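One structure below.
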Amino acid sequence: MLKKILIVVVIVAIAIALYIYSGANRDYKALAKQLKVSHVIYNPDKPLPLFSLVDQDKQVFNNDSLKEGWTLLLFIYTHCPDVCPTELLDMATLNQLMIKDKLENAPKVVAITFDPLRDTPKVLKEYVGHFDKDFTGVSGDQSQIDKLVKSFGAYYERVVYDKKGKPVTLKADDKLPANALKDGYTINHTAWIYLVNPEGQIFAGFPTPHKPSNMIKDIKLIMSQF
Amino acid sequence: MFHKIKTIGLMFIALISFNTTFATQHQSGNIMINDPWVRSAPPNAPALGAFMQIANHSDTDVKLLSANVAGYKRVELHRTIPKNGVMQMVKQEFMPIPAHGELMLKPGSWHIMLIGPESVPSKGESVKIELIFDNGLSKTVHAKVRKGKMMHHKKMMHHH
């Protein structure tokens, strides 16, 4: 008899869990269909790992820093002449649009470097602040950054040139040659911009190209339905 | 004395303008550069991008082999190529400009990379860029430093 009750309880529990799960899923599926330039990549089963970085004012930047409200997060590096300045310019335009729109609890822009070796907090403060003084640049340990890059589904690889001028691609774990800092290196990287919810979890991603006037529509939709 | 200086000065000016006119006329039939610009960057930016449209009005394909800019550690030809979602920065040996065609240097695509500036130019300043082509031509353009990501069609300048 007890066994029977137990079985029923388990079945009911599974049913409730399934209901809640599919319900949550269904909600975001409906939302996802309305989004024009972003994808819902929220996965409650895969929360962000614990991380600890350093912001441009040398303050700790960790999971809690992402729980103060909505965040637009992107990965950059300052030696980037093309893609990263474009992204930061787009974010500056978007920020102006959000201010003009009087969007409440507007997401804060956080730019995390792929390249802490060259991008110290001080460097980032001047660089990122040039695009918008409200932006936050974040540096820190390479291993901490790599962990975060991976959990966002982002990717980067460094490119150095050998003596014959041939490009050599180095993965995140590969060691940089001794002369790399002097000779310089570039970074191939993904260029999504992520919307992180106030629980500090990845919610949506915006692939390139980024059009601020479309992004703000998706952001408002997501914030209103979260 | 004053008269002499004035004469020399005038001769000098005449000489310069003659040179410039000659040079531009010589090249205008072949290669035309439209709207050269450098994207404004933070004062500590380690690298800048220069962009322009290069039109080739000749019957033969032309290659841009290199660019020279004073005050930078290195100047390289680059192309951003998206591959499986990864934006690849690919150094180029040259930039091809097809006969009776054009090549657009723009953000997210072909660009001239100015590496290691002695000082980052501010908005409104202009950067002198010498372009070296494979047909023996070289051309000097003055690229305006401005904000933005796209070409301003309305502000397009023709260098005749």
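Just so we're clear, the structure is a prediction, and the values are computed from it rather than from any experiment. Naming convention: chains lettered A, B, ... in sequence-line order (proteins, then strands); numbering from 1 in each chain.
For A:Val123, the parts lying near chain B are the backbone and the side chain together; criterion is any non-hydrogen pair under 4.5 Å. Only the side chain of A:Thr186 comes within contact range of chain B, with heavy atoms under 4.5 Å apart. Both the backbone and the side chain of B:Met89 have a heavy atom closer than 4.5 Å to some heavy atom of chain A. Residue A:Tyr77 touches chain B through its side chain alone, counting heavy-atom pairs closer than 4.5 Å. Contacts of A:Asp119 with chain B are absent, with no heavy-atom separation under 4.5 Å from either backbone or side chain. The part of A:Ile187 that comes within reach of chain B is its backbone (N, CA, C, O), which places non-hydrogen atoms under 4.5 angstrom from that chain. Residue contact with chain A, scored on non-hydrogen atoms closer than 4.5 Å, involves the backbone of B:Ala41 exclusively.
The side-chain heavy atoms of B:Pro107 and A:Asp82, taken from C-beta on, include a pair separated by under 4.5 Å. With a 4.5 Å cut-off on side-chain heavy atoms, A:Pro85 and B:Arg39 count as touching. The side-chain heavy atoms of B:Pro43 and A:His130, taken from C-beta on, include a pair separated by under 4.5 Å. Using a 4.5 Å cut-off on side-chain heavy atoms (C-beta onward), A:Asn188 and B:Met87 make no contact.
Residues of residues 133-167 of chain A lying under 4.5 angstrom from chain B, judged on non-hydrogen atoms, are A:Tyr155, A:Glu157, A:Tyr161 in numerical order. Residues of residues 90-103 of chain B lying under 4.5 angstrom from chain A, judged on non-hydrogen atoms, are B:Lys91 in numerical order.
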Distance-only donor-acceptor pairs under 3.5 Å for side chains of residues 117-126 of chain B, two or more places apart:
| from | atom 1 | to | atom 2 | distance (Å) |
| --- | --- | --- | --- | --- |
| B:Ser122 | OG | B:Glu125 | OE2 | 3.0 |
| B:Glu125 | OE2 | B:Ser122 | N | 3.3 |

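With sequence neighbours left out, the side-chain hydrogen bond (donor to acceptor under 3.5 Å, both in side chains) criterion links B:Gln88 to no other residue.
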